[in-house]
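If you're wondering where the values come from, they're calculated on a predicted model, not measured in any experiment. By convention in this document, chain letters (A, B, ...) are assigned in the order of the sequence lines, proteins followed by strands, and residues within each chain are numbered from 1.
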There are 2 protein chains.
Amino acid sequence: MRKKKNNELLTEVELEFMNELWALGEGTVRDVLDRLPEDRDLAYTSAATILRILEQKEFVTSRKDGKSHVFKPTLGKDAYQTRSLKDLSMKLFDDAPVSLVARLVNDDELTDEALGTIRALVDRRLKNDTG
Amino acid sequence: MRKKKNNELLTEVELEFMNELWALGEGTVRDVLDRLPEDRDLAYTSAATILRILEQKEFVTSRKDGKSHVFKPTLGKDAYQTRSLKDLSMKLFDDAPVSLVARLVNDDELTDEALGTIRALVDRRLKNDTG
DNA sequence: GAGTAAATACGAAGTTTTTAGTTTTTCAAA
DNA sequence: TTTGAAAAACTAAAAACTTCGTATTTACTC
């Protein structure tokens, strides 16, 4: 074995599925499949495979419910968001989250309203820490 | 052909190499290889292959200099950072960059100093827009 | 020009990811 | 109790990624 691979992060398709499970709370293969866009033609068996892999990677657990399995995330979306941001920050922003935000704030497409919201978030957090 | 694949984003190893090229400005296979960590055992030919792929994907161009090729990014690191954030925001934050920042700001590991820096950035940008 | 050391081009092997077909199991209805 | 439909389990193959070996080319030296 060459190196232990990165099982902390989701692949593209895995993330696609987790997003549906996070929205659903929990669901069967069919439930997830039904939520995918119309033009996303994926065989039932493919969806089942992806959920099985997610279970192997321990991103979901499953329980038997009648005929089918019900899959449920073991990790909250917020926790995974934090994990992803940490990873991106490390790999592309020299491990400095601030420069990540800086890049975002400099993005021309960001509206003033969005900027205002961000400032409010920061202010609230700063107040809570010092007050 | 099943689907057009994503050539906008770098794979893990590709990003590893681009980071070195961004730091160097430009460089040969050997230059990049020399910058990788001690414990990163990679054959010269592997490095050459990765740079060749990066050239195919048009993330770098190369020019001949004496015996060797010198590779140079065609895309700035800042531009790629923006692109990555857009992608992450879309896939994991319901296309709402604000919620990405919110997640970051809520991260306990972020220092007050970092938060202050972020607020300053936002303020500056807001001032420039309205004034 | 021949020798040679370094670099490149090409491509193939090994893995992981993505997709889906086939077989088996399950459960309920006839 | 048999049967039929849906799901699960198993299997596998195509695509993408990572890695590197072999053969060739290049530029320099004698």
The side-chain contact (heavy atoms from CB on, under 4.5 Å) partner of B/Arg63 among B/Glu26, B/Lys72, B/His69 is B/Glu26
- Message: When you measure only distances, ignoring hydrogens and angles, does the side chain of A/Thr49 come within 3.5 Å of the base of C/dA20 through a donor and an acceptor?
- Response: yes
Counting side-chain heavy atoms from CB outward, which of [options] is closest to [X]?
{"X": "B/Lys67", "options": "D/dT11, C/dA7, C/dC10", "answer": "C/dA7"}
{"X": "B/Val13", "options": "D/dT26, D/dT19, D/dC20", "answer": "D/dT19"}
{"X": "A/Leu42", "options": "C/dT18, D/dA9, C/dT19", "answer": "C/dT19"}
{"X": "A/His69", "options": "D/dA8, D/dT19, C/dT8", "answer": "D/dA8"}

Exercise. Given the rule in the salt bridge (charged side-chain N to carboxylate O under 4.0 Å, His left out) test, do B/Lys91 and B/Asp87 qualify, once you have shown the distances and angles that lead to the verdict?
Worked result: CA-CA 6 Å; B/Lys91 289 189 184 142; B/Asp87 179 70; 2.9 Å; yes
Between [X] and [N], is there a side-chain N or O to OP1/OP2 distance below 4.0 Å?
{"X": "A/Arg52", "N": "C/dA20", "value": "no"}
{"X": "A/Arg30", "N": "D/dA7", "value": "yes"}
{"X": "A/Ser46", "N": "C/dA20", "value": "yes"}
{"X": "B/Thr11", "N": "D/dA16", "value": "no"}
{"X": "A/Tyr44", "N": "C/dG21", "value": "no"}

Distance, rounded to the nearest Å, where [X] contributes [atom1] and [N] contributes [atom2]:
{"X": "B/Phe17", "N": "D/dT18", "atom1": "CZ", "atom2": "P", "value": "10 Å"}
{"X": "A/Leu54", "N": "C/dT17", "atom1": "CG", "atom2": "C1'", "value": "12 Å"}
{"X": "A/Leu33", "N": "D/dA6", "atom1": "CG", "atom2": "P", "value": "14 Å"}
{"X": "A/Ile53", "N": "C/dA20", "atom1": "CD1", "atom2": "C1'", "value": "12 Å"}
{"X": "B/Gln56", "N": "D/dC17", "atom1": "CD", "atom2": "P", "value": "12 Å"}
{"X": "B/Glu55", "N": "C/dA7", "atom1": "CD", "atom2": "P", "value": "17 Å"}
{"X": "A/Met18", "N": "C/dT17", "atom1": "CE", "atom2": "C1'", "value": "17 Å"}
{"X": "B/Asp31", "N": "C/dA6", "atom1": "CG", "atom2": "P", "value": "15 Å"}

Verify, without hydrogens or angle tests, whether [X] (side chain) and [Y] (backbone) share a donor-acceptor contact under 3.5 angstrom.
{"X": "B/Thr74", "Y": "B/Phe59", "value": "yes"}
{"X": "B/Thr82", "Y": "B/Asp78", "value": "yes"}
{"X": "B/Ser99", "Y": "B/Ala102", "value": "no"}

So A/Ser68, base contact, sugar-phosphate only, or nothing? Heavy-atom distance under 4.0 Å.
sugar-phosphate
- Task: Identify whether any heavy atom of B/Ala43 sits under 4.0 Å from a base atom; if not, whether one sits that close to sugar-phosphate; answer base, sugar-phosphate or nothing.
- Result: sugar-phosphate
Audit row: B/Asp112, A/Arg125, salt bridge (charged side-chain N to carboxylate O under 4.0 Å, His left out) steps and yes/no: CA-CA 9 Å; B/Asp112 280 4; A/Arg125 168 72 192 278; 5.1 Å; no
Note: for A/Arg40 and A/Lys64 on DNA chain C, the residue whose nearest nucleotide lies more 5' is A/Arg40
